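Structure record follows, encoded as structure tokens.
What you see is a predicted model; the values in this text were computed from it and never measured. Both backbone and side-chain heavy atoms feed into the values below; hydrogens, waters and symmetry mates do not. Residue numbers count from 1 along this sequence. First listed ligand is number 1; within each ligand, the first listed atom is number 1.
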Amino acid sequence: MVNAVEWKEGAVRLLDQTKLPTEVVFVDCKDVETVAKGIKDLWVRGAPAIGITAAYGIALAAMKISAKSFDDFYKQLLPSCDLLAATRPTAVNLFWAIERIKETAQAHRTEPPDALKKILLEEAHAILREDIAMNRAIGKFGAALIQKGSGVLTHCNAGALATGGYGTALGVIRSAWEVDKKIAVFADETRPVLQGARLTAWELAQDQIPVTLITDNMAGFFMKQGKIQCCVVGADRIAANGDTANKIGTYSVAILAKEHGIPFYVAAPSSTIDFNIASGDQIPIEERNHTEVTHMGGKQIAASGISIANPAFDVTPAKYITAIITDKGAFKPEELIKLKISRA
Ligand code: MRU
């Protein structure tokens, strides 16, 4: 499996996911501005991958700083942190990673700037390594919840492409496949940007995990036919009460699952939980460029001159979520608080 993001010879190497599935193209970002563009324009996307990329982006910006004191170094670093923080508003991992790198710098303020540069890069590497380890743990906890022979529906792409590797929702699917649960995977195509069709289906095909691609409006049909026994999705931000922001359309899938008595699981690392907000009402929802709705592959598919809306995410209320599968285990939404206590 290719890496969505990695540090390569002094640059942040991103797989340009806008080109998938027909082309595998990497971009070596040599400055923080290009890294920010890569996040904004979806070369890299998916909450954990965005966080990892931002951490590397700050490390890259740090390399170019010339400063004699910590205060001067930190003052020069902050605009890059702000630039990255302004790229996408919903995925909390972005802000979590930026904070972690800033805190690391502060914790080592007595080090000379040249040593600090190495420390920040090492912290970005640690964020990447930890993310993969968390995904493996999520996979294991999640696979235990899946019955043998299940049809498993996923929405968007919460796979290796959206993380440091292995994936969250796709980590659960990979792990279930590895332990021979004989699952049948269904992937929603995920309009408007088609992360399901272009990325999830491609990623599973690369691993030779069979997948059936369906359009978003087919999920209810297959649930009614008894082809789907559970849903597993990722998350961009989980509020303290378990309300979960994820790719637009996730909320509709959750309601369909409830109606059909099908368990609905959210898989996410603990870095996706935002204990600073009480409920999903406080999660900012990104509104993206309207051409994502009006055009497909550069071709206009909608009438001209009409009104368009393009919220990139929706919030699934906790009451529709059977369990949140984290690297620390699976929790009912109302049990998430236990994680806050163990974090303190
Ligand atoms: O707009 P995107 O592609 O960044 O949205 C991604 C999603 O909604 C994913 O499901 C979520 O970030 C989880 S990724 C492990």
Side-chain angles (χ1 to χ4, degrees), residues 1 4-5 14-18 20 38-54 87-97 127-128 130-132 134-139 142 153-174 187-200 202-203 216 231-238 244-254 264-274 280 283-289 292-293 310-316 321 324-327:
M1 187 69 217
V5 50
L14 300 178
L15 169 64
D16 182 353
Q17 298 187 30
T18 64
L20 287 173
I39 297 175
K40 225 181 164 76
D41 292 353
L42 307 185
W43 304 346
V44 64
R45 30 65 51 200
I50 292 171
I52 295 161
T53 303
T87 50
R88 298 194 72 190
T90 305
V92 75
N93 312 58
L94 173 68
F95 309 101
W96 171 88
I127 290 174
L128 171 63
E130 288 167 24
D131 186 65
I132 298 170
M134 286 194 285
N135 293 339
R136 291 263 171 197
I138 290 167
L153 175 68
T154 191
H155 187 75
C156 192
N157 172 267
L161 292 170
T163 61
Y166 202 68
T168 56
L170 289 195
V172 172
I173 284 170
R174 277 199 169 86
D188 278 344
E189 67 171 350
T190 318
R191 272 285 285 151
V193 184
L194 301 172
Q195 287 92 335
R198 294 188 304 104
L199 309 179
T200 294
W202 181 80
E203 182 177 331
D216 298 327
C231 304
V232 189
V233 300
D236 286 84
R237 194 186 295 223
I238 302 173
T244 295
N246 192 50
K247 180 52 55 195
I248 192 78
T250 303
Y251 174 43
S252 317
V253 175
F264 183 88
Y265 299 114
V266 169
S270 26
S271 51
T272 305
I273 305 169
D274 186 354
I283 300 177
I285 300 294
E286 177 182 11
E287 177 76 17
R288 289 192 60 86
N289 198 308
E292 289 180 354
V293 176
N310 187 16
F313 303 96
D314 58 27
V315 175
T316 299
I321 299 170
I324 297 171
I325 306 163
T326 74
D327 47 294

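Listed by chain and number, the residues in a salt bridge (charged side-chain N to carboxylate O under 4.0 Å, His left out) with R288 are E286, E292 (sequence neighbours excluded). Remark: D216 engages no residue in a salt bridge (charged side-chain N to carboxylate O under 4.0 Å, His left out) (not counting sequence neighbours). Remark: R174 engages E203, D207 in a salt bridge (charged side-chain N to carboxylate O under 4.0 Å, His left out) (not counting sequence neighbours).
Residues T272 and W96 form no side-chain contact, since every pair of their non-hydrogen atoms from C-beta on lies 4.5 Å or further apart. A 4.5 Å side-chain heavy-atom check between V44 and I52 finds every atom pair outside the cut-off.
Evaluated for a side chain to side chain donor-acceptor pair (under 3.5 Å) with N157, the options R45, Q195, R198, K247 yield exactly one hit, R45.
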Contact table ligand 1 N or O to protein N or O, d under 3.5 Å:
unit_1, atom_1, unit_2, atom_2, d
ligand 1, 1 (O), R88, NH1, 3.4
ligand 1, 1 (O), R88, NH2, 2.8
ligand 1, 1 (O), K247, NZ, 2.7
ligand 1, 3 (O), R45, NE, 2.9
ligand 1, 3 (O), R45, NH2, 3.3
ligand 1, 3 (O), Q195, NE2, 2.9
ligand 1, 4 (O), G46, N, 2.9
ligand 1, 4 (O), R88, NH1, 2.8
ligand 1, 8 (O), D236, OD1, 2.7
ligand 1, 8 (O), N246, OD1, 3.2
ligand 1, 8 (O), K247, N, 3.2
ligand 1, 10 (O), N246, OD1, 2.7
ligand 1, 12 (O), A47, N, 2.9
ligand 1, 12 (O), D236, OD1, 3.2
ligand 1, 12 (O), D236, OD2, 2.9

